[in-house]
There are 2 protein chains.
Amino acid sequence: MATGNDNQTAARRHQRVRRQHSNELAQDYVEAIYDLIEAGQVARVTDLQEIFGVTHVSVVRALQRFEKRGLLDRSGDGLQLTDEGRKMAAASAVRHNLVVDFLRAIGVSETQAHADAEGLEHHISDETLAAMKRLLEAKLKIKN
Amino acid sequence: MATGNDNQTAARRHQRVRRQHSNELAQDYVEAIYDLIEAGQVARVTDLQEIFGVTHVSVVRALQRFEKRGLLDRSGDGLQLTDEGRKMAAASAVRHNLVVDFLRAIGVSETQAHADAEGLEHHISDETLAAMKRLLEAKLKIKN
DNA sequence: CAAATAATGTAGCACAGGCTACATAACCAA
DNA sequence: TTGGTTATGTAGCCTGTGCTACATTATTTG
């Protein structure tokens, strides 16, 4: 076919998805920490444990990895993001919000839009994001 | 906010994403095997190794797990799907194709649509899928 | 036929990301 | 002050999903 469905192309696509997976948790963590700080709270292990629905042990282990990766700083009282962590969080937030808005715009319920966005946001290319943004703006224009 | 952003809700969303992840590989495998068989080929370890871009060892280990889960049968010459495996493959294929068509419809390139669909298809709820289908049909109507 | 190649398998390692069980430390309350 | 509760940490286990290294078997080819 003309769809680029040879094995090599498929392999590249699957490798990309695996790369995306290995970044998902980090993005979710920095985003959660970012949101907590934005809300004027001190970001703690306990908060993350509740947000992600895992034990505090899983949170601590993840935070250790992410600290090593230079995304955050656990030396002080609450969790702090590094510049890189904040950058990643901001990018994730933009992506996340755009996906939610887009899903809402095509008629998905608030609840489901938020739920789906959680999984989808990590697998959307810049090109697709741009397409969603275009459609979102076009749709808004129609509504006015 | 009214978006259901309390911790418990967030936890449920993240737990759902983790469940989706634990099924992704199985879905990708049965879909690949299904496609090979549909194309009149004998599905072999080698094919999957090329399609997924991993070593044959990773394929063999994955196949062992999926055989235990009752999704496929490795007793014969080529790989065969069980009824359950075939059912999963068919469902995945429908989802996958709809996502590709939808992305194409909103202006994403063929190449990128196929690439993104690979990651997205596992995280889309029935509700969102239905919304995409509606928009797809509406768009087609406009085009005619 | 003998040697190379392809296909498949096993052994054993690494890392991510879950978990329980157990140890502290700090704080709060009777 | 002593005894629970909360927050955080470590030790150590499991599973999934990658990997390399090393068989084995079948097929192909000089």
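What's counted below: heavy atoms across the whole structure, side chains too, no hydrogens, waters or symmetry copies. For clarity, every value in this text was computed on a predicted model and none was experimentally measured. Sequence lines set the chain letters: A, B, ... in the order given, protein chains first and strands last, and positions in each chain run from 1.
- In terms of heavy atoms, Leu48(B) sits closest to Ala32(B) at CD2-CB, 3.8 Å.
- In this structure a side-chain-to-backbone donor-acceptor pair under 3.5 Å is present from Arg95(A) to Ile124(A).
- Using a 4.0 Å cut-off on heavy atoms, the residues of residues 23-45 of chain A that approach DNA chain C are Leu25(A), listed by number.
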Do Asp126(B) and Lys133(B) pass the salt bridge (Lys or Arg N to Asp or Glu O under 4.0 Å) test, and can you show the C-alpha distance, the side-chain angles, and the key distance before you say yes or no? CA-CA 10 Å; Asp126(B) 288 342; Lys133(B) 204 169 174 181; over 6 Å; no
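- Within the 4.0 angstrom heavy-atom criterion, base atoms lie near Thr55(B).
- Nearest-nucleotide positions on DNA chain D place Leu63(A) closer to the 5' end than the other of Phe66(B) and Leu63(A).
- Within the 4.5 Å cutoff, no side-chain heavy atoms of Met132(B) are placed close to those of Val108(A).
- With sequence neighbours excluded, the residues forming a side-chain contact (heavy atoms from CB on, under 4.5 Å) with Glu118(A) are Asp28(A), His96(A), Glu121(A), Arg13(B), His14(B), Val17(B), listed by chain and number.
- Heavy atoms of Gln64(A) sit under 4.0 angstrom from primed sugar atoms or phosphate atoms, though from no base atom.
- Across all strands, Ser58(A) comes closer than 4.0 Å to base atoms (heavy-atom distances).
- Within the 4.5 Å cutoff, side-chain heavy atoms of Leu36(A) are placed close to those of Ile51(A).
- In this entry the distance linking CD of Gln49(A) with C1' of dC19(C) reads 13 Å, nearest Å.
- Think of the region where chain B sits on DNA chain D: with heavy atoms and a 4.0 Å cut, that region ends 5' and 3' at dG16(D) to dA21(D).
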For residues 18-27 of chain A, run the donor-acceptor check on the side chains, cut-off 3.5 Å, and write out each pair with its distance to 0.1 Å, sequence neighbours left out.
| unit_1 | atom_1 | unit_2 | atom_2 | d |
| --- | --- | --- | --- | --- |
| Arg18(A) | NH1 | Phe52(B) | O | 3.0 |
| Arg18(A) | NH2 | Phe52(B) | O | 3.3 |
| Arg18(A) | NH2 | Gly53(B) | O | 3.3 |
| Gln20(A) | OE1 | His123(A) | ND1 | 2.7 |
| His21(A) | NE2 | His21(B) | NE2 | 3.3 |
| His21(A) | NE2 | Glu24(B) | OE1 | 3.3 |
| His21(A) | NE2 | Glu24(B) | OE2 | 3.1 |
| Ser22(A) | OG | Arg19(A) | O | 2.9 |
| Asn23(A) | OD1 | Arg69(A) | NH2 | 3.1 |
| Glu24(A) | OE1 | His21(B) | NE2 | 3.3 |
| Glu24(A) | OE2 | His123(A) | NE2 | 2.9 |
| Glu24(A) | OE2 | His21(B) | NE2 | 3.1 |
| Gln27(A) | OE1 | His122(A) | ND1 | 2.8 |

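- The separation between Arg18(A) atom CZ and dC15(C) atom C1' is 15 Å, rounded to whole Å.
- The number of heavy atoms from other shown groups lying within 6.0 Å of CD (Gln41(B)) is above 12.
- Side-chain N/O atoms of Arg74(B) include none lying less than 4.0 angstrom from OP1 or OP2 on dT8(C).
- Protein atom CG of Leu79(B) is 14 Å distant from nucleotide atom P of dA7(C), rounded to whole Å.
- When the C1' atom of dA6(C) is taken as reference, atom CG of Asp47(B) falls 13 Å away, rounded to whole Å.
- Counting only heavy atoms from C-beta outward, the side chains of Leu103(A) and Gln112(A) never approach each other to under 4.5 Å.
- Residue pairs meeting the salt bridge (Lys or Arg N to Asp or Glu O under 4.0 Å) criterion with at least one member in residues 73-93 of chain B, sequence neighbours excluded, are Arg44(B)-Asp77(B), Glu67(B)-Arg74(B), Asp83(B)-Arg86(B).
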Nucleotide N/O to protein N/O under 3.5 Å, stretch nucleotides 11-14 of chain C:
| unit_1 | atom_1 | unit_2 | atom_2 | d |
| --- | --- | --- | --- | --- |
| dG12(C) | O6 | Arg61(B) | NH1 | 2.9 |

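- Val59(A) places a side-chain heavy atom less than 4.5 Å from the side chain of Tyr29(A).
- Side-chain proximity of Arg65(A) to the nucleotides dG17(C), dT20(C), dT8(C) is greatest for dG17(C).
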